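Just follow the structure's listing: the first ligand is 1, and inside any ligand the first atom is 1. All values derive from a computational prediction rather than experimental measurement.
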Amino acid sequence: MNSKPAGFYDAPEGVDVRGRYDDEFSEILTRDALDFVARLQREFREQIRHSMDCRREAQRRYDAGELPGFDPATRLIREGDWVCAPVPPPIANRMVEITGPVERKMVINALNSGAKVFMADFEDALSPSWENLMRGHVNLRDAVNGTISFEDRERNRVYKLNQNTAKLFVRPRGWHLPEAHVLVDGGPVTGCLFDFGLYFFHNYAAFRSNQGQGYGPFFYLPKMEHSREARIWNNVFNRAEQWAAIPSGSIRATVLIETLPAAFQMNEILYELRPHSAGLNCGRWDYIFSYVKTLRAHPDRLLPDRVSVTMTQPFMRSYSDLLIFTCHRRGVHAMGGMAAQIPIRGDADAHASAVDAVRRDKLREVQAGHDGTWAAHPGLIADISKVFSAGLSQRDNLIGAVAREDAAGIGEDDLLERPRGKRTMEGLRLNTRVGIQYMAAWLAGAGSVPLYNLMEDAATAEISRVQNWQWIRYEAELDGQAVKVTVTPELFGRVVEEEMGRIEREVGGEKFRGGMYREACSVFVRQCTSPELDDFLTLDAYNRIVVHHPGAEARL
Ligand SMILES: CC(=O)SCCNC(=O)CCNC(=O)[C@H](O)C(C)(C)COP(=O)(O)OP(=O)(O)OC[C@H]1O[C@@H](n2cnc3c(N)ncnc32)[C@H](O)[C@@H]1OP(=O)(O)O
Ligand SMILES: O=CC(=O)O
Ligand SMILES: [Mg+2]
């Protein structure tokens, strides 16, 4: 019997839902689903807390001058001959994967895009407001059930799923992000356990029969720094499989190697997840961010302009080559990353050169031995598929075909090699312009946006933020100036003022005044100039999008 009063969620003992009530959301936030999430939270919260403490401890060592490296204690894992569980047939071919936020129309477009996989994102591409998260869960449930549709009244267009759709992977948030709208025993539930738990609870059965051919569901796991974090995920998966009474190893997950410490832990991460692994992915944008963050106390490691930190920088190439070698040795996919270019309307030449840049990036990836790659936009799928299917030449993947033994010797120095390039005033300006506009979009509810013809999301914006912080902190000298110019708080202050003026001119006065630009500017400037580098742009900003109902104190 349901005894909940109208307009309130039916929460089990110890669970307090503070997000806005909505009848549709209550189909997701059922008592049983909340109970499942709460069980995960209670079982794993201490391990998560310990892992976050270990991250801070490792960072203290890097701040004291140490560099990340391979762990001598796990040498036997790196040298051993083990492999991961065999690749499930439905995801043998992952040549092109589209990614995007869990927004209704985009979910349909992504599933219909012709990509092999759609990674539905609760992380970099989503601003995790209550509304976005809960609508995202409704959308994914309808997508897995095959009933999702969307009506665009203005354009008189109805969106429905095609006969053949991409396989769905879901990326929950990173371990560091809390979900402040749901408390378990008085504390916020861990964001990723909330995302994973609700999605798994509602979709595992339908997914396995509609999409997974008896396997699944499938996940992407972001922003890990150590194999102990992968071990927690493996245990979460075991627990979920036991609860659902599905075979062990049903759930599969691809881990993004997108932090500098994790690059030294690829084997260990795969080892921990070996019954559940679906390989690794080069999360290049967060990786660049993490390079700066991890080495924030090392003034000899200043990044050049963001635009010149590409995959052809030796440290980035080494990381991708080592990932391919490691994955193929362990029998799993080595996925490539995201080129930031997107189709450009109204300028044929610029469009052609953007598509060409994507093609070159993908050609480099498949020639290096990546089994598949990411696309940011449906308009790029055909071009990317062409490059990858030529590179795979009739095979589903390159796992057994390309060993990359030549990468076996990639060492600590290779992974840490200093990026080369110029630091310019335009780099500082662009970081500032992009960082503020991205933050304004995020605060207003959009986690991925086109800016200056590139895709921007939380990971790319992080680079802008930490690079500014690093240049200010160490008074970086700018190249190409007639007189010596160093980046000081005063110079940055002037740049912010001028770039805010430019943003206002570019977006127009009305949009500027109606938008979140000033608030975004204050968040961004504080973070770029604070004496201690904030761990994540989105952690502090999250407090600004938490809305408790009815009327409770919103800050964490
Ligand atoms: C660093 C990382 O983590 S990368 C992974 C996380 N980041 C992402 O996933 C970003 C994914 N990409 C996007 O969000 C979008 O492509 C953006 C925001 C960059 C650009 O989006 P838009 O401005 O809407 O592009 P545009 O106007 O060209 O879109 C044309 C159509 O394609 C759709 N579309 C664009 N990108 C996507 C996508 N990734 N998935 C599904 N549909 C998409 C639009 O919804 C639109 O559909 P419609 O014609 O039916 O209305
Ligand atoms: O998540 C992907 C990245 O590049 O960051
Ligand atoms: Mg990322």
Side-chain angles (χ1 to χ4, degrees), residues 96-115 117-127 139 143 148 150-152 154-160 165-166 168-174 176-177 220-224 254-260 262 280-291 293 309-311 316 319-320 323 335-346 351 354 358 361 373-381 384 437-438 441-442 445-463 536-538:
V96 187
E97 304 189 333
I98 189 165
T99 69
V102 285
E103 194 250 315
R104 198 163 182 88
K105 182 182 75 173
M106 287 177 90
V107 167
I108 303 174
N109 280 340
L111 287 166
N112 286 344
S113 67
V117 164
F118 164 42
M119 188 204 74
D121 199 7
F122 286 98
E123 237 291 338
D124 293 333
L126 191 84
S127 168
N139 298 340
I148 191 169
F150 174 76
E151 188 179 354
D152 183 341
E154 261 172 44
R155 289 155 79 195
N156 194 23
R157 192 173 159 191
V158 176
Y159 293 72
K160 285 200 160 77
T165 56
L168 186 63
F169 277 56
V170 170
R171 176 161 75 170
R173 283 169 278 180
H176 59 287
L177 288 169
Y220 256 102
L221 302 176
K223 293 185 171 62
M224 283 198 262
T254 303
V255 171
L256 288 130
I257 298 298
E258 55 179 355
T259 66
L260 186 62
L280 303 176
N281 169 298
C282 277
R284 62 175 77 165
W285 301 104
D286 267 313
Y287 191 71
I288 298 168
F289 154 50
S290 175
Y291 185 94
K293 187 165 86 167
V309 189
T310 64
M311 291 307 292
M316 296 299 279
Y319 136 76
S320 137
L323 185 141
M335 301 302 297
M338 183 65 90
Q341 292 82 5
I342 48 177
I344 300 173
R345 277 194 223 106
H351 175 76
V358 174
D361 183 60
T373 192
W374 277 11
H377 191 287
L380 297 167
I381 304 289
I384 299 177
Q437 289 184 86
Y438 177 76
W442 192 94
S448 58
V449 283
L451 286 175
Y452 307 107
N453 297 327
L454 296 177
M455 179 235 36
E456 296 288 343
D457 67 8
T460 61
E462 283 285 28
I463 304 172
F536 292 96
L537 176 62
T538 49

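For ligand 1, one of its N or O atoms has an N or O atom of Ala376 under 3.5 Å away. Residue Met455 has no N or O atom closer than 3.5 Å to an N or O atom of ligand 1.
Atom 46 (C) of ligand 1 has its nearest heavy-atom neighbour, among Leu380, Asn109, Ile108, Asn453, in Asn109. For atom 4 (O) of ligand 2, the nearest non-hydrogen atom from the set Phe289, Trp374, Tyr287, Trp285 comes from Trp285. Among Asn281, Thr99, Ile344, the residue whose heavy atom lies nearest to atom 5 (C) of ligand 1 is Thr99.
Under a cut-off of 6.0 angstrom, the local environment of CG in Asp152 is crowded, with over 12 non-hydrogen atoms contributed by other residues, nucleotides or ligands.
Scored by the side-chain contact (heavy atoms from CB on, under 4.5 Å) test, Asp361 finds Arg284, Met311, Ala339, Arg364, Glu365 as partners (sequence neighbours excluded).
A distance of 6.5 Å separates CG of Asp121 from OG1 of Thr99, quoted to the nearest 0.5 Å.
Residues Thr538 and Arg173 are not in side-chain contact: their nearest non-hydrogen atoms beyond the backbone lie 4.5 Å or more apart.
The shortest separation from a heavy atom of Arg157 to ligand 1 is under 4.0 Å, placing the residue in contact. Heavy-atom distances between Glu258 and ligand 2 reach below 4.0 Å in at least one pair. Residue Met119 places no heavy atom under 4.0 Å from ligand 1.
Of the protein's heavy atoms, Asp457 OD2, 3.1 Å lies nearest to atom 7 (N) of ligand 1. Of all protein heavy atoms, the one lying nearest to atom 49 (O) of ligand 1 is Arg155 NH2, 3.4 Å. Shortest contact from atom 41 (C) of ligand 1 to any protein heavy atom: Met106 O, 3.2 Å.
A side chain to side chain donor-acceptor pair (under 3.5 Å) with Tyr220 is found for one member of Glu97, Glu123, Arg171 and no other, namely Glu97.
By the criterion of a separation under 2.8 Å, the protein N/O/S atoms near the Mg ion (ligand 3) amount to Asp124 OD2, Glu258 OE1, Asp286 OD2.
Counting heavy atoms closer than 4.0 Å to ligand 2, residue Asp124 contributes side-chain atoms (C-beta onward) but none from N, CA, C or O.
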Determine, stepwise, if the pair Asn281 / Trp374 fulfils side chain to side chain contact (heavy atoms under 4.5 Å, CB included).
CA-CA 9 Å; Asn281 169 298; Trp374 277 11; 3.1 Å; yes
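Below 4.0 Å from some heavy atom of Asp286 lie the following atoms of ligand 2, by number and element: 3 (C), 4 (O), 5 (O).
Distance screen at 4.0 Å: atom 39 (N) of ligand 1 has a protein heavy-atom neighbour inside the cut-off.
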